[in-house]
Visitor: 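Here it is, the structure, as structure tokens.
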Amino acid sequence: MSKNYRAELVGVFGDPVDENPTGVMEEAAFDALGLPFRYLTIQVKREDLPAAMRAVRAFGMRGVNLTIPHKIAVISHLDDLTQAAEIIGAVNTVVNEGGRLIGDNTDGKGMLESLRENGCRINGSNLAILGAGGAARAIAVEAALAGAEKVTIINRTLDKAQELAEMIQRRTGVTAEALPLLPKAPVPGGTDILVNGTSIGLYPDVGSRPDIDYAGITPDMVAADVVFNDPNTLFLKAAGARGAKTINGLGMLVNQGAVNFTLWTGREAPKAIMEKTLRGEFGLD
Ligand code: NDP
């Protein structure tokens, strides 16, 4: 039988990218399943993205992740977008389907999967999302596409929340509202799932939490955070102290990595191994 020494290439393009931990997690998953895939963490400067995307085609790469500053710019180099990526207006994952580059966005899918793993139903639920940046936007759009009853966007810059809420309402038909993230902002009545989609609490800002009225959190709510470093955020601690079920940002990170893995390999991702690898990287075990 002839041997095959060729690697299936995937990776991430970004700048800065050195501290992006995704490659360690994906390579652990490839190893676990004995797949001949390699995940390369590649610094690509803003002006070099066109050449890098031509390289994806020239090398026959199976796909790439995109991070800062390429998530929007990459769209003009692709052949098609998934519905979610098109509505979100940003791509973090590309899949090469026989020479056609398809853009997707797996951030929101990662959070939704993490919520579902913890017994949450998105269909028919009310989500309140703090933040209106890339992560919040992806989660809000995916929640609307998954049948949420209502999405409330609460953001420091109200304009951005309004723009996002209007876009969700227009593109998905789901009721969406925008509120300002003022000091002691109330948790909207009827909230089932409260998400911190801001970067508040991200290392080294670990002593901060969104300034909401935590007294409005009740034991029947679920609180989820996008911040994964450190995953034990003050937001989750405060929500947990009010009796809410809490879900940390590591779950979102693992699940979006698992979605990428499946898109590229067609195989179910070994999530437990991916999570263990990440926890090791962050010194959490
Ligand atoms: P963006 O810069 O696009 O958005 C940041 C958001 O946080 C904005 O809504 C911003 O409000 C808000 N914000 C930041 N600082 C403050 C503050 N001091 N007070 C009030 N609001 C604030 O970032 P991203 O959406 O890309 O990333 C957000 C977080 O999500 C990061 O911590 C990132 O690491 C995490 N993330 C986690 C993932 C995972 O898999 N777990 C995946 C992707 C991201 P304003 O609009 O007013 O500036």
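We number each residue from 1, following the sequence as shown. Values below: all heavy atoms of this structure, side chains included; hydrogens, waters and symmetry mates excluded. All ligand and atom numbering here is 1-based and tracks the order in the structure.
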Visitor: Look at atom 38 (C) of ligand 1 and say which protein heavy atom is nearest, naming residue and atom and giving the distance to 0.1 Å.
Guide: M252 CE, 3.8 Å
Visitor: Return the closest protein heavy atom for atom 17 (C) of ligand 1 as residue, atom name and distance.
Guide: R156 NH1, 3.2 Å
Visitor: Kindly indicate whether the side chain of D192, heavy atoms from C-beta on, has any atom under 4.5 Å from the side chain of V222.
Guide: no
Visitor: Please indicate, with yes or no, if any protein heavy atom is found under 4.0 Å from atom 33 (C) of ligand 1?
Guide: no
Visitor: Please list the nearest protein heavy atom to atom 4 (O) of ligand 1 with its residue and the distance rounded to 0.1 Å.
Guide: G133 CA, 3.4 Å
Visitor: Salt bridge check, R279 against E275: does any charged N sit closer than 4.0 Å to a carboxylate O?
Guide: yes
Visitor: Measure the distances from the heavy atoms of G110 to every atom of ligand 1 and state whether one is below 4.0 angstrom.
Guide: no
Visitor: When only distance counts, is G249 in polar contact with ligand 1, meaning an N/O pair under 3.5 Å?
Guide: yes
Visitor: With no hydrogens and no angle check, do the side chains of D107 and N92 hold a donor and an acceptor under 3.5 Å apart?
Guide: yes
Visitor: Which is closest to atom 43 (C) of ligand 1 by heavy-atom distance: D107, L253, T106, I129?
Guide: D107
Visitor: Quick one: nearest non-hydrogen protein atom to atom 6 (C) of ligand 1, plus distance?
Guide: T198 CA, 4.0 Å
Visitor: Distance only, no hydrogens: is a donor on one side chain within 3.5 Å (strictly under) of an acceptor on the other, for T22 and N20?
Guide: yes
Visitor: Which protein non-hydrogen atom lies closest to atom 27 (O) of ligand 1, naming both residue and atom, and how far is it?
Guide: A135 CB, 4.2 Å
Visitor: So T152 and I129, do their side chains get closer than 4.5 Å, heavy atoms only?
Guide: no
Visitor: Do the ring centers of F261 and F37 come within less than 6.0 Å of each other?
Guide: no
Visitor: Does the pair L9 and L40 meet the rule for a side chain to side chain contact (heavy atoms under 4.5 Å, CB included), with working shown?
Guide: CA-CA 8 Å; L9 296 179; L40 308 174; 4.2 Å; yes
Visitor: Of T233, V254, V226, which has the heavy atom at the shortest distance from atom 30 (O) of ligand 1?
Guide: V226
Visitor: Identify whether the distance between the nearest side-chain nitrogen and carboxylate oxygen of E163 and R137 falls below 4.0 Å.
Guide: yes
Visitor: Under the criterion side chain to side chain contact (heavy atoms under 4.5 Å, CB included), I'd like the reasoning laid out for L101 against R57: C-alpha separation, chi angles, the key distance, then a yes or no.
Guide: CA-CA 8 Å; L101 301 187; R57 295 180 195 270; 3.7 Å; yes
Visitor: Does any N/O atom on G134 come nearer than 3.5 Å to any N/O atom on ligand 1?
Guide: yes
Visitor: Do R209 and Y214 form a cation-pi contact, if we require the NZ or CZ to be under 6.0 Å from the six-membered ring centre and within 45 degrees of the ring's axis?
Guide: yes
Visitor: Under 4.0 Å from a heavy atom of G131: which atoms of ligand 1 are those, numbered in the order shown and with their elements?
Guide: 9 (O)
Visitor: Measuring from atom 28 (C) of ligand 1, which candidate in S208, G197, G201, A161 has the nearest non-hydrogen atom?
Guide: G197
Visitor: In terms of residue, atom name and distance, what is the protein heavy atom nearest to atom 5 (C) of ligand 1?
Guide: S199 OG, 4.0 Å
Visitor: For atom 9 (O) of ligand 1, which protein heavy atom lies nearest, and how many Å away is it?
Guide: N155 OD1, 2.7 Å
Visitor: Does an N or O from L202, backbone or side chain, lie closer than 3.5 Å to an N or O of ligand 1?
Guide: no
Visitor: Before you tell me yes or no, could you show the steps for V44 and D15 under side chain to side chain contact (heavy atoms under 4.5 Å, CB included), namely the whole-Å CA-CA distance, both residues' side-chain angles and the distance that decides it to 0.1 Å?
Guide: CA-CA 6 Å; V44 174; D15 183 28; over 6 Å; no
Visitor: Nearest protein heavy atom to atom 45 (P) of ligand 1, by residue and atom, and its distance?
Guide: T157 OG1, 3.4 Å
Visitor: Would you mind telling me if ligand 1 is within reach of the side chain of I200, the backbone, both or neither, using heavy atoms under 4.0 Å?
Guide: side chain
Visitor: Do V187 and L130 sit in one hydrophobic cluster, given that two such residues count as connected whenever their side-chain heavy atoms are within less than 4.5 Å of each other, even indirectly?
Guide: yes
Visitor: Would you say atom 2 (O) of ligand 1 makes contact with the protein, given that contact here means a non-hydrogen protein atom less than 4.0 Å away?
Guide: no
